[in-house]
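Notes for the one structure printed next.
Scope of the values below: all heavy atoms of this structure, side chains included, with no hydrogens, waters or symmetry mates. Here is how names work: the chains are called A, B, and so on, in the same order as the sequence lines, proteins then strands, and each is numbered from 1. For clarity, every value in this text was computed on a predicted model and none was experimentally measured.
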2 protein chains.
Amino acid sequence: MNAPTASVSLNNIKVACSQCNLRELCLPVGLTEQEFSKLDALVGGRRKVKRGQSLYRAGDPFEAIYAIRTGFFKTDLLLEDGREQVTGFLMAGEIMGMDGISNEAHTCNAVALEDSEVCGIPYAMLEQLQQEIRALQHHFYKVMSREIVRDQGVMMLLGSMRAEERLAAFLLNLSQRFTARGYSPTDFHLRMTREEIGSYLGLKLETVSRALSAFQESGLVNVQQKHIQIVDIDGMKKMLSRQANC
Amino acid sequence: MNAPTASVSLNNIKVACSQCNLRELCLPVGLTEQEFSKLDALVGGRRKVKRGQSLYRAGDPFEAIYAIRTGFFKTDLLLEDGREQVTGFLMAGEIMGMDGISNEAHTCNAVALEDSEVCGIPYAMLEQLQQEIRALQHHFYKVMSREIVRDQGVMMLLGSMRAEERLAAFLLNLSQRFTARGYSPTDFHLRMTREEIGSYLGLKLETVSRALSAFQESGLVNVQQKHIQIVDIDGMKKMLSRQANC
DNA sequence: AGCCCGGTTTGATCTGTATCAATGTAGGAA
DNA sequence: TTCCTACATTGATACAGATCAAACCGGGCT
């Protein structure tokens, strides 16, 4: 009965947004000191989530949204027959759980792909605080809107692109997000398996593997298991803009 | 030259949300009379959009969100090479344009599939009013969250389902939305072409047509061009829950 | 060291959907 | 009415990606 609760329970080390080095990613700019202190009071506490554990599951009552402090998550949906669809990969500074607002219950699972730590932000208190801090309201709408735009992009990818285009779009997207976090745009470590990438991209794991091999063959990337080095980032971008058939 | 601007210009017939028979779909429940009158003052005016015309296009500056009073829209994205991805179909009482919040510009096109009328809601004023009406803030977050959940469902569909499952999910979704508007759950008129359905579902128009024929063959629906009659709605639902291969 | 095991790569073959092509149909304009 | 045009259906064939299968790798354990 190695219940997962032990290591995922809330702990009460207060998180100070005002001190967090991710605040540029996660929060609106230009908050006053006073506003920061209100925010610090709001954020419920950190929670550690070990690799493989769920932060929340589809059906769980919705209480909070979560900002990732460290680590890496996937969100996914399960069909009754067991088919899985990964709907997103999330990294430090990104915000998760907004799907839960509409039904007061989460609609997807959030699973840590490496040992991670999140800040829980009780939703009722967040709504309250937005009455006091206009910039926060504005910012949070932007965050949700960004999620909608991201989802549209994934639809485009799943509905209109071929396998190699999907993978190129995926790698470029990761590259850009790692860059925004101060990591190399061209050298990174994939936290997810080929199968999870495939699920996200609507492909089978073998197809992902073959596409990566093909990229390597044509000198676009070096692949060594989970370590990816993008050799020709412009060539990669061209994969996305070129005609369907050439 | 027959510039579309003439017929899509704003007109100033005031819209009264308090009188609108779609308010249950579009607004939070339980607003006081006073709150309604504030809301009536906010809504900018109606705008007619003729079949085939755009309400807004990708890149347009974001100023307002829109509630559909009457009619039917699609939203879509275009890739440089001309490929189109339809990202949604929207009907009366539904709200459009929230993708624009994040970048202060719309990221998709909204095109009327039949002569339609919308209520424009200036976004800056909406944010303002939410400070005064808590229920409105809560409701609007729910609306955005619902959009995120819907998008997740589309990802599931595009990433994990086969052609006939996608079409079944699509028809059942339409059926449910028509029902909520007081129309027949089993008899309806498709406003979009097979090609647009295909784009939405990540299929070619011929595949959509064949799948419809197959449903008709097996007694699930009657199809006569754009008129659809669902004969066996339970059979249809079973298409979604059964195993991938049987 | 040696083994195990989850994850990955690669090959051979199959299949669902795309593509190409021809015909059919309904509704609008003259 | 007849023609025209956009849309839809149906058939034949091609192909991208799925599936099945076998080897391969690398990291953790004893």
For this session: Tell me, with the steps shown, if A:E195 and A:V208 meet side-chain contact (heavy atoms from CB on, under 4.5 Å).
Result: CA-CA 8 Å; A:E195 186 166 25; A:V208 173; over 6 Å; no
For this session: Look at the side chain of B:D76 and the backbone N and O of B:E84, then say whether any donor-acceptor pair between them is shorter than 3.5 Å.
Result: no
For this session: Determine yes or no for a side-chain-to-main-chain donor-acceptor pair under 3.5 angstrom, with A:R166 supplying the side chain and A:L201 the backbone.
Result: yes
Seminar exercise, completed: When B:T207 and A:T207 are each assigned the nearest nucleotide of DNA chain D, the 5'-most assignment goes to B:T207
In this structure, how many angstroms lie between the [atom2] atom of [N] and the [atom1] atom of [X], rounded?
{"X": "A:L158", "N": "D:dG17", "atom1": "CG", "atom2": "C1'", "result": "15 Å"}
{"X": "B:E196", "N": "D:dA6", "atom1": "CD", "atom2": "P", "result": "14 Å"}
{"X": "A:E206", "N": "D:dC24", "atom1": "CD", "atom2": "P", "result": "17 Å"}
{"X": "B:R83", "N": "C:dA18", "atom1": "CZ", "atom2": "P", "result": "13 Å"}
{"X": "B:K204", "N": "D:dA14", "atom1": "NZ", "atom2": "C1'", "result": "15 Å"}
{"X": "A:H189", "N": "D:dG27", "atom1": "NE2", "atom2": "P", "result": "10 Å"}
{"X": "B:L113", "N": "D:dA6", "atom1": "CG", "atom2": "P", "result": "17 Å"}
{"X": "A:L167", "N": "D:dG17", "atom1": "CG", "atom2": "P", "result": "11 Å"}

Problem set entry | Lys/Arg-Asp/Glu bridge criterion (N-O < 4.0 Å) met for B:E94, B:R146 | no
Problem set entry | Step-by-step side-chain contact (heavy atoms from CB on, under 4.5 Å) determination, A:Q53 to A:V111 | CA-CA 6 Å; A:Q53 291 186 323; A:V111 180; over 6 Å; no
Exercise. Hey, what bend do you get for the helix from C:dA1-D:dT30 to C:dA30-D:dT1 if you fit axes on five pairs at each end, rounded to 10°?
Worked result: 30°
Shorter than 3.5 Å, N or O on both sides, protein versus nucleotides 3-7 of chain C: list them out with atom names.
none

Exercise. Looking at DNA chain D, which of residues 210-220 of chain B put a heavy atom within less than 4.0 Å of it?
Worked result: B:R210, B:S213
Exercise. Taking only side-chain nitrogens and oxygens of A:S209, does any of them come within less than 4.0 Å of OP1 or OP2 of C:dT9?
Worked result: yes
For this session: Identify which one of A:N109, A:T87, A:L90, A:V86 satisfies the side chain to side chain contact (heavy atoms under 4.5 Å, CB included) criterion when paired with A:K74.
Result: A:V86
Exercise. Could you give the distance from SG (A:C26) to CD1 (A:I68), rounded to the nearest 0.5 Å?
Worked result: 9.5 Å
Exercise. Is there a side-chain contact between B:Y56 and B:Y66 (heavy atoms, below 4.5 Å)?
Worked result: yes
Problem set entry | Heavy-atom check, side chain of A:R150 versus side chain of A:V154, under 4.5 Å | yes
Exercise. If you check every side-chain atom of B:L205, which of D:dT9, C:dT9, C:dC20 has the closest atom?
Worked result: D:dT9
Exercise. For A:G198, which contact category applies under a 4.0 Å heavy-atom criterion: base, sugar-phosphate, or nothing?
Worked result: nothing
Exercise. Closest approach of B:V221 and B:L212, non-hydrogen atoms and distance?
Worked result: CG2-O, 4.2 Å
For this session: Go through the steps to decide whether B:Y200 and B:F89 satisfy the test ring-ring contact (aromatic ring centres under 6.0 Å, His included), and finish with yes or no.
Result: CA-CA 9 Å; B:Y200 182 63; B:F89 294 111; 5.2 Å; yes
Exercise. Between B:F72, B:Y183, B:F178, which is the residue that forms a ring pair (Phe, Tyr, Trp, His ring centres under 6.0 Å) with B:F188?
Worked result: B:F178
